[in-house]
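Letters A, B, ... mirror the listed sequences (proteins, then strands); counts begin at 1. Note that this is a predicted model, so its numbers are computed, not measured.
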Amino acid sequence: MGILYGIMALGIYITFRVLKVSDLTVDGSFATGGAVSVMLMLSGVSPILSLLCAFAVGLLCGTVTGLLHTKLSIPIILSSILVQIGLYSINLRILQGSALKSISVDKYPLLINVRFVSRTILIGALIALALIAVLYWYFGTEQGCSIRATGNNPAMAKSNGINTSTTTLIGLALCNGLVAFAGGLMSQYQGFADVNQGRGAIVTGLAAIIIGEVLCDIFFKKGSSFWLRLTFVIIGGIIYYLIMVLILWMRVDSNDLKLFTALIVAIFLAIPNFRKGAAV
Amino acid sequence: MLKISNIFKTFNKGTVNEKVAISGLSLTLNDGDFVTVIGSNGAGKSTLLNAIAGTWLTDSGKIEIDDIDITRLPEHKRASYIGRVFQDPLMGTASDMWIEENLALASRRGQKRHLLPGITKAERTHYAELLKPLNLGLENRLTTKVGLLSGGQRQALTLLMATIKKPRLLLLDEHTAALDPATADKVLSVTDELVRRDNLTTLMITHNMQDAIDYGNRLIMMNEGRIILDISGQEKKQLTKQQLIDRFNSLSDQKLESDNVLLS
């Protein structure tokens, strides 16, 4: 489950760290991915194909946010909230009106599931590695570089002939594609798709990214390579999950879980600043 | 090659902060012209460069490069004709990316960006050779993040990026103003070298009158969104600072005692 958080966080990394924008669409598209995947499998589509469809639908969600931003000049944070809210209804439609649709691991050949943990970890790790490799390759290409430049310095990007609207759009689409893909994996793992599955996805993703970065900075020097940082995003996802398990194990009321999530993210956000302060 | 006809630009139209930045400006540049631009603060110098580069669109008038109408073209499309260095050394480069990645981005200006590798081996060697003459030691630091460079190094790099793919027009917006005097001199001489080598048509804004006289073959002075003086050829070569100040005083209603105002 931690690995799945990590995979979702890889998507969020694209918008949050590469494009340097906050995209809240993910809270919606994570659930959309789960819903699409489960509904397709229930109608007989293979689990792998259903994940690819989830990815495609995620691309579409990100594109809508991107178009609202680039064509209608609505700030990204607002347009992503609008899409997120809209997706809630769409997700209910996809799930045919029910808030929860379960899929039995006995009747369908699910890729991963709580039932077989070791296989889930193996497949999850393989998918994560493959995604890191693909992202590493992609952000080294001409197109990937132009997305990085857009996030880094839009004025420079434009004056070097980069259409920053297009690159922002691509980045948002990719982010949500990956998040929806992770959402599909999550619903296979849990054995159901839940319309509320995506609630707090952005915070979970940020937690994974930030925990990963803090650890990466501690173990390796600053400015470590891109693939290492991506690997640590996955590790961050796992650690975030372990912390959550620990908190539940300490018999904390599960209703308070979100509060602890917020606290943990706040703590990890503050750590780099403390470290800086100590160095001065 | 550049033809600007009667352009206007007003900021914050209809508000108390309304500011006419450019009012009815026309300018024609010939191939290979190296023009220095001077004028007091608020004269519209940077506005002129932004109008040409397409940072925003002008209210009216027409801008052409090589008889192609670019008046309504977005900034990233004009970039295939234009190389640009900003006043702020942070503006012209991507600080989290390597030196070689920045150069690779610039050398793909005006091209479609595909899924090919962002930088090739051959390019790396080429970039090292281009950086060597700058004498800043950057050729050995190709995989250093640009954010770790000094302002002067960043401006020199931006200059190289602006000219790496020979632009039809080079726009320099006080690109040495934020540097210490020694570094500024160095960057200026690199500028002069590059412009001469490729015979680049160039517009260079400067706050330093002496530089405006020393560099280029043509000098224009701006005031209140218009060009009030345009000197070139032999007359420009013999120009002195005092003459410039006198000309400014007689042409504008503002009075200058020395070049202090222009320098500030």
**Prompt:** When only pairs under 4.5 Å are counted, which of Gly92(B), Ser80(B), Pro74(B) shares the most heavy-atom pairs with chain A?
**Reply:** Gly92(B)
**Request:** Side chain from CB out, backbone as N, CA, C, O: work out which of these in Leu171(B) comes under 4.5 Å of a heavy atom of chain A, or both, or neither.
**Result:** neither
**Request:** Provide the closest heavy-atom pair for Gly32(B) versus Thr201(B) in the form atom of the first, atom of the second, distance.
**Result:** N-OG1, 3.0 Å
**Asked** Between Gly54(B), Ala94(B), Ala79(B), which residue shows the highest count of heavy-atom pairs closer than 4.5 Å to chain A?
**Response** Ala94(B)
**Request:** For Asp69(B) and Thr71(B), indicate whether the former's side chain and the latter's backbone hold a donor-acceptor pair under 3.5 Å.
**Result:** yes
**Complete:** Residues Trp227(A) and Thr231(A): closest non-hydrogen pair is O-OG1, 2.7 Å
**Asked** Below 4.0 angstrom, N of the basic side chain to O of the carboxylate: do Lys132(B) and Glu139(B) qualify?
**Response** no
**Message:** Within the 3.5 Å criterion, strictly below it, is a donor on Tyr215(B) or Thr206(B) matched to an acceptor on the partner's side chain?
**Reply:** no
**Asked** What do the steps show when you test Trp56(B) against Phe11(B) for ring-ring contact (aromatic ring centres under 6.0 Å, His included), and what is the final call?
**Response** CA-CA 11 Å; Trp56(B) 23 251; Phe11(B) 290 110; 5.3 Å; yes
**Request:** Under 4.5 Å heavy-atom distance to chain A, tell me which part of Ala53(B) shows up: side chain, backbone, both or neither.
**Result:** neither
**Request:** Provide the closest heavy-atom pair for Gly2(A) versus Tyr241(A) in the form atom of the first, atom of the second, distance.
**Result:** CA-CB, 3.6 Å
**Segment of Ser95(B) engaging chain A (4.5 angstrom heavy-atom cut-off)** = both
**Prompt:** Quick one: which residues of residues 53-76 of chain A reach chain B at under 4.5 angstrom, heavy atoms only?
**Reply:** none
**Message:** We want to know whether Thr15(B) and Asn17(B) form a side-chain donor-acceptor pair, criterion being a heavy-atom distance below 3.5 angstrom.
**Reply:** no
**Prompt:** If you check every heavy atom in residues 147-165 of chain A against those of chain B, which residues fall under 4.5 Å?
**Reply:** Arg148(A), Ala149(A), Asn152(A), Asn153(A), Ala155(A), Met156(A), Lys158(A), Ser159(A), Asn160(A), Gly161(A), Ile162(A), Asn163(A)
**Asked** Among Met161(B), Lys77(B), Glu101(B), which residue forms the greatest number of heavy-atom pairs with chain A at distances under 4.5 Å?
**Response** Glu101(B)
**Asked** Judged by atom type as modelled, is there a donor-acceptor pair below 3.5 Å linking the side chain of Arg168(B) to the main-chain atoms of Ile65(B)?
**Response** no
**Request:** Write out, in numerical order, the residues from residues 126-146 of chain A with a heavy atom short of 4.5 Å from a heavy atom in chain B.
**Result:** Trp137(A), Tyr138(A), Gly140(A), Thr141(A), Glu142(A), Gln143(A), Cys145(A), Ser146(A)
**Prompt:** Would you call Arg229(A)-Asp217(A) a salt bridge at under 4.0 Å N-O?
**Reply:** yes
**Request:** Would you confirm whether Asp27(A), through its side chain, and Ala201(A), through its main-chain N or O, come within 3.5 Å as a donor-acceptor pair?
**Result:** yes
**Prompt:** Side chain, backbone, both or neither: which part of Glu75(B) has a heavy atom under 4.5 Å from chain A?
**Reply:** both
**Prompt:** Does the Lys166(B) side chain pair with the main chain of Asp198(B), one donor and one acceptor, at a distance under 3.5 Å?
**Reply:** yes
**Under 3.5 Å donor-acceptor, Asp23(A) side chain and Thr25(A) backbone** = yes
**Message:** Minimum heavy-atom separation for Ala122(B) and Thr125(B), please, with both atom names.
**Reply:** O-OG1, 3.1 Å
**Fill in**
In terms of heavy-atom pairs under 4.5 Å with chain A, the winner among Arg84(B), Lys112(B), His114(B), Gln111(B) is His114(B)
**Message:** Taking the side chain as everything from C-beta on, heavy atoms only, tell me whether Leu138(B) gets closer than 4.5 Å to Leu149(B).
**Reply:** yes
**Asked** Sub-3.5 Å donor-acceptor pair from the side chain of Gln155(B) to the main-chain atoms of Gly151(B), do we have one?
**Response** no
**Message:** Taking side chain to side chain donor-acceptor pair (under 3.5 Å) as the definition, give me every residue that meets it alongside Ser50(A), ordered by chain and number, with sequence neighbours left out.
**Reply:** Ser37(A)
